[in-house]
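First comes the structure, then the notes that go with it.
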There are 2 protein chains.
Amino acid sequence: MLEASAFLRAEKKRLTPQRSLLLGIIRQHGHLDADEIYRLARRENPRLSLSTVYRTLNLLKELGLVEELHLGEEHHHYEAKAEEHHHLVCLSCGKVIECRLTEDLRELGRRHGFTMVSAQVELAGYCADCRKQGENDP
Amino acid sequence: MLEASAFLRAEKKRLTPQRSLLLGIIRQHGHLDADEIYRLARRENPRLSLSTVYRTLNLLKELGLVEELHLGEEHHHYEAKAEEHHHLVCLSCGKVIECRLTEDLRELGRRHGFTMVSAQVELAGYCADCRKQGENDP
DNA sequence: CCTCTAATTGCAAATGGTTCGCAATAGCGT
DNA sequence: ACGCTATTGCGAACCATTTGCAATTAGAGG
């Protein structure tokens, strides 16, 4: 939470209780959507507004502390930005496996004369568990 | 257009002029958004409604003829589904390079015990042209 | 061909996620 | 502590997409 205040000061932004609460919540969970964040946050601060959630999410995104995901759903998901990583989504149980493919992807880009800066990757398929449990999946 | 009618009949769906028009348009362009499709289609049929565009897009998506893309923007993009391919988006000129990474990605998934069925991939970076033209990009 | 009926369309209104305007509140540099 | 300015909460606005409904039409069967 404290390093965040450095990021904020650097841009003349303020560290409000709402912001630390939200960042804290995002950091202790993976890929939440705005409404889930809102509901979790309200348990701590019932007066918090949804606009503040969205405004904070956008701020944290600009600061590079949080990443916005497009997991195929209509609405966005957010998660604390650690090292870049990618998602393997199981079509059977819905589990989202995180992994680092950055170097491999950079190499794939290079083969097309492309210099990769960042990657959004979502592989859909079946995780080891589901593959074991039943061969009845499509 | 004609093979489409087979897909449709198979589900008791009808091949209307609106549907062939829309499928035609999607097939002759790459990654259009709903509104672009709407505007192009209206040049042929000015009475066409936006709802029909969306309804048709959803239908074609279910039939597997069209694919919905989430290119980081707020709204969706659509394109005719040919062979699976992936996108390299240039941060400088906005060009979208298409390429096939399927087998490579399957292999990356395998390393995590994951059986990949399909992949959505968007690498952001710089294309060869932009890299050449100026080293003034971020 | 003509008829009948269920599928489809266009329209307008509803929806759901996200943003914005504004007056009230509250960080934080001094 | 003070004051300036960023931030909040609220409600309304916004935009992409969906839906209800009455009018239209594709296409199977006669």
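Any value given below was found using the heavy atoms of this structure, including those in side chains, with hydrogens, waters and symmetry copies removed. Below, read A as the first sequence line, B as the second, and so on, with proteins coming before strands; counting in each chain starts at 1.
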Leu60(B) atom CG is separated from dT8(C) atom C1', nearest whole Å, by 14 Å
| query | Just wondering, do Leu105(A) and Leu105(B) contact through their side chains at under 4.5 Å, heavy atoms? | reply | yes
Rounded to whole Å, CG of Leu8(A) lies from P of dC28(C) at a distance of 8 Å
side-chain contact (heavy atoms from CB on, under 4.5 Å) with Tyr38(A): of Thr52(A), Asp33(A), Ile25(A), Leu50(A), only one passes, and it is Leu50(A)
Heteroatom pairs (N/O) under 3.5 angstrom, protein to nucleotides 26-29 of chain D:
| from | atom 1 | to | atom 2 | distance (Å) |
| --- | --- | --- | --- | --- |
| dA26(D) | N3 | Arg14(B) | NH1 | 3.0 |
| dG27(D) | OP1 | Leu15(B) | N | 2.9 |

Taking the ring of His31(B) and the ring of His29(B), is the distance between their centroids below 6.0 Å? no
Rounding to 0.5 Å, atoms NZ (Lys132(B)) and SG (Cys127(B)) come to a distance of 9.0 Å
Exercise. Hey, does Arg111(A) have a side-chain heavy atom less than 4.5 Å from the side chain of Asp104(B)?
Worked result: yes
OP1 or OP2 of dG27(C) versus the side-chain N and O atoms of Gln18(A): is any pair under 4.0 Å? no
To the nearest angstrom, the CD-C1' distance between Glu62(A) and dA6(D) comes to 14 Å
State, with a plain yes or no, whether a side-chain heavy atom of Arg27(B) is found less than 4.5 Å away from one of Leu23(B).
yes
Between CG of Leu57(A) and P of dG17(C) the distance, given in whole Å, is 14 Å
Rounded to whole Å, CG of Asp33(A) lies from C1' of dT18(C) at a distance of 13 Å
Paired with Lys61(B), the side chain to side chain donor-acceptor pair (under 3.5 Å) test is passed by just one of Glu67(B), Glu68(B), His76(B), namely Glu68(B)
Using a cut-off of less than 4.0 Å, is there contact between a side-chain N or O of Arg19(A) and OP1 or OP2 of dG27(C)?
no
Q.
A side-chain contact here means heavy atoms from C-beta on lying under 4.5 Å apart; do Leu59(B) and Arg55(B) qualify?
A. no
Atom OH of Tyr38(B) and atom C1' of dT9(C) are separated, to the nearest Å, by 13 Å
Under a 4.0 Å heavy-atom criterion, the protein footprint on nucleotides 10-19 of chain D, written with B, S and -, is BB----SBBB
*State whether the side chain of Arg19(B) and the backbone N or O of Arg14(B) hold a donor-acceptor pair below 3.5 Å, judged by distance alone.*
yes
Original post:
Would you say the side-chain atoms of His85(B) pair up with the backbone N or O of Glu98(B), donor to acceptor, closer than 3.5 Å?
Top reply: no
Donor-acceptor check, side chain of Glu44(B) to backbone of Ala41(B), threshold 3.5 angstrom: yes or no?
no
Terminal axes of the helix from dC1(C)-dG30(D) to dT30(C)-dA1(D) (5 end pairs apiece), angle rounded to 10 degrees, sit apart by 40°
